[in-house]
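Notes follow the structure.
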Amino acid sequence: MELRPLGNTGLNLSCVGFGASPLGNVFGDVPEEVAIASVRLAFQSGINFFDTSPYYGGTVSEKVLGKALKALGAPRNEYIVSTKCGRYKEGFDFSAERVTRSIEESLQRLQLDYVDILQCHDIEFGSLDQIVNETIPALQKLKEAGKTRFIGITGLPLSIFTYVLDRVPPGSVDVILSYCHYCINDSTLEDLIPYLKSKGVGIINASPLSMGLLTESGPPQWHPASPELKSACQAAAACCKKKGKNISKLAMQYSLLNKDITTVLVGIKSVEQVEQNVAAATELAISGIDQEALSEVETILNHVKNQTWPSGIQKN
Ligand code: NAD
């Protein structure tokens with residue numbers, strides 16, 4: 001599995017990352033033994049990056065991931081763990097007091113002494129000025145205390161990243177996690193890449209399958225896309241299937257092609273999905289992407305290209 005550098009952190013992440021939100025049962029039930037086997041196979045296949053949050057499944061994802069990582073019995077420096085703070089089942093709280101308590105709770109659930117990356121989770125739901133003036137400084141203290149090695153911010157609207165990065169001291173935010181903005185149906189993250197590179201900020205591209213839109217089985221009930229976007233993606237999936245091709249493989253490969261993106265963070269809930277997503281990366285390296293299938297899918301999605309959905313409480 002190809003490793004790629006993450007901004008100025010010195011970390012090298014596998015180009016496919018293991019998104020552990022499904023381990024919190026948010027995409028259907030995942031038995032614990034399946035979660036543990038999936039993490040094990042991922043690690044054995046060269047995936048070294050695992051992302052979770054206290055929010056996923058109301059702490060379930062962190063607990064299950066912690067158990068699965070422990071079961072690996074691998075040296076701690078061989079895997080990279082990211083968790084988040086500020087978003088919980090009960091709601092949002094980006095105060096210094098809450099995020100400081102949050103990391104202690106996360107470390108306990110993950111059975112770790114430190115995480116590699118601690119990210120403010122979905123900051124568009126809080127005050128961005130609080131993130132700049134209170135949350136990031138609090139995380140800086142946690143970094144100094146050795147609770148996390150690096151600091152990140154996550155969310156859907158791309159404008160949140162420039163708002164925060166333009167206002168914090170250089171080097172105080174190491175990483176951004178963007179989701180659903182570098183997939184076949186929405187590639188708007190691309191425009192932000194030169195800016196992020198100029199700041200030395202690492203780029204995690206999450207949800208390459210658009211949270212299930214780009215799968216044969218379709219998205220979960222709670223998916224916020226418009227009916228128009230959902231049906232266009234289903235038409236694209238059906239077209240691929242008819243030709244013996246798989247939309248999810250194509251979608252993974254589309255995101256992996258951009259080497260400025262450090263890792264393509266895909267939600268995984270089974271051993272089969274580990275195999276499929278690892279195979280997508282391996283086959284891409286050997287044979288390249290199926291241009292014909294990609295063009296067909298892009299044509300089907302053309303009328304909904306870059307369509308997104310609202311997220312958060314404030315406009316910037
Ligand atoms: P995704 O686009 O990765 O899609 C996940 C869905 O696709 C799940 O149902 C999964 O079971 C399924 N899937 C995975 N591989 C497949 C394959 N090969 N074939 C068919 N189906 C497959 O969306 P996601 O899980 O929301 O995002 C990935 C990860 O990124 C999350 O688990 C989380 O760690 C992170 N994330 C973070 C934020 C944030 O911080 N705000 C937001 C979104 C995602």
Side-chain angles (χ1 to χ4, degrees), residues 13 16-30 34-35 38-39 42 47 49-57 60-62 64-65 80-87 92 117-126 152-158 160-161 175-186 189 204-225 233 237 240-241 245-256 261 263-281 283 308-309 311-312:
L13 272 56
V16 176
F18 190 115
S21 68
L23 305 192
N25 304 317
V26 300
F27 288 96
D29 279 355
V30 181
V34 172
S38 304
V39 168
I47 292 178
F49 177 53
F50 299 86
D51 176 76
T52 183
S53 163
Y55 176 63
Y56 300 149
V60 171
S61 168
E62 280 192 334
V64 174
L65 180 64
I80 295 163
V81 181
S82 149
T83 194
K84 310 195 184 80
C85 60
R87 180 167 202 177
F92 292 87
I117 310 171
L118 180 60
Q119 312 189 76
C120 305
H121 195 172
D122 290 340
I123 58 174
E124 69 269 27
F125 288 93
I153 49 177
T154 85
L156 184 73
L158 292 166
I160 59 173
F161 298 121
V175 179
I176 65 111
L177 182 157
S178 161
Y179 70 100
C180 291
H181 285 313
Y182 200 93
C183 13
I184 305 177
N185 58 297
D186 180 339
L189 175 63
I204 297 171
N205 173 45
S207 310
L209 310 181
S210 287
M211 300 192 304
L213 286 178
L214 301 173
T215 61
E216 280 178 7
S217 52
Q221 273 291 322
W222 51 259
H223 200 292
C233 290
C240 287
K241 192 172 180 186
K245 296 173 181 178
N246 183 277
I247 185 101
S248 302
K249 176 169 137 184
L250 195 67
M252 280 301 291
Q253 294 184 334
Y254 174 86
S255 295
L256 285 164
I261 286 169
T263 189
V264 174
L265 184 59
V266 59
I268 291 181
K269 67 173 186 186
S270 66
V271 164
E272 291 72 29
Q273 287 182 354
V274 175
E275 288 166 348
Q276 287 160 357
N277 294 322
V278 169
E283 287 172 32
T308 184
W309 47 85
S311 179

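All of these numbers come straight from a predicted model, not from anything done at the bench. We count ligands from 1, going down the list as the structure has it; atoms in each ligand are counted the same way.
With sequence neighbours excluded, the residues satisfying side-chain contact (heavy atoms from CB on, under 4.5 Å) with Val278 are Met1, Ser45, Ile47, Val274, Thr282. The salt bridge (charged side-chain N to carboxylate O under 4.0 Å, His left out) search around Glu275 returns none, not counting sequence neighbours.
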Inset, instruction - Might you work through the side chain to side chain donor-acceptor pair (under 3.5 Å) test for Thr83 and Glu62, ending with a clear yes or no? - result: CA-CA 8 Å; Thr83 194; Glu62 280 192 334; 2.5 Å; yes

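A side chain to side chain contact (heavy atoms under 4.5 Å, CB included) with Ser248 is found for exactly one of Thr215, Leu214, Asn277, namely Thr215.
For a heavy-atom separation below 4.0 Å, the residues in contact with ligand 1 are Gly19, Ala20, Ser21, Pro22, Phe27, Asp51, Tyr56, Lys84, His121, Asp122, Thr154, Leu177, Tyr179, Ala206, Ser207, Pro208, Leu209, Ser210, Met211, Gly212, Thr215, Ser248, Leu265, Val266, Gly267, Lys269, Gln273, Gln276, Asn277.
If you take SG on Cys183 and CG on Leu209, they are separated by 8.0 Å, rounding to the nearest 0.5 Å.
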Contacts table for residues 265-273: side-chain donor-acceptor under 3.5 angstrom, sequence neighbours left out:
residue : atom : partner : partner atom : Å
Lys269  : NZ   : Phe27   : O            : 2.8
Ser270  : OG   : Gln273  : N            : 3.1
Gln273  : OE1  : Lys269  : N            : 3.0

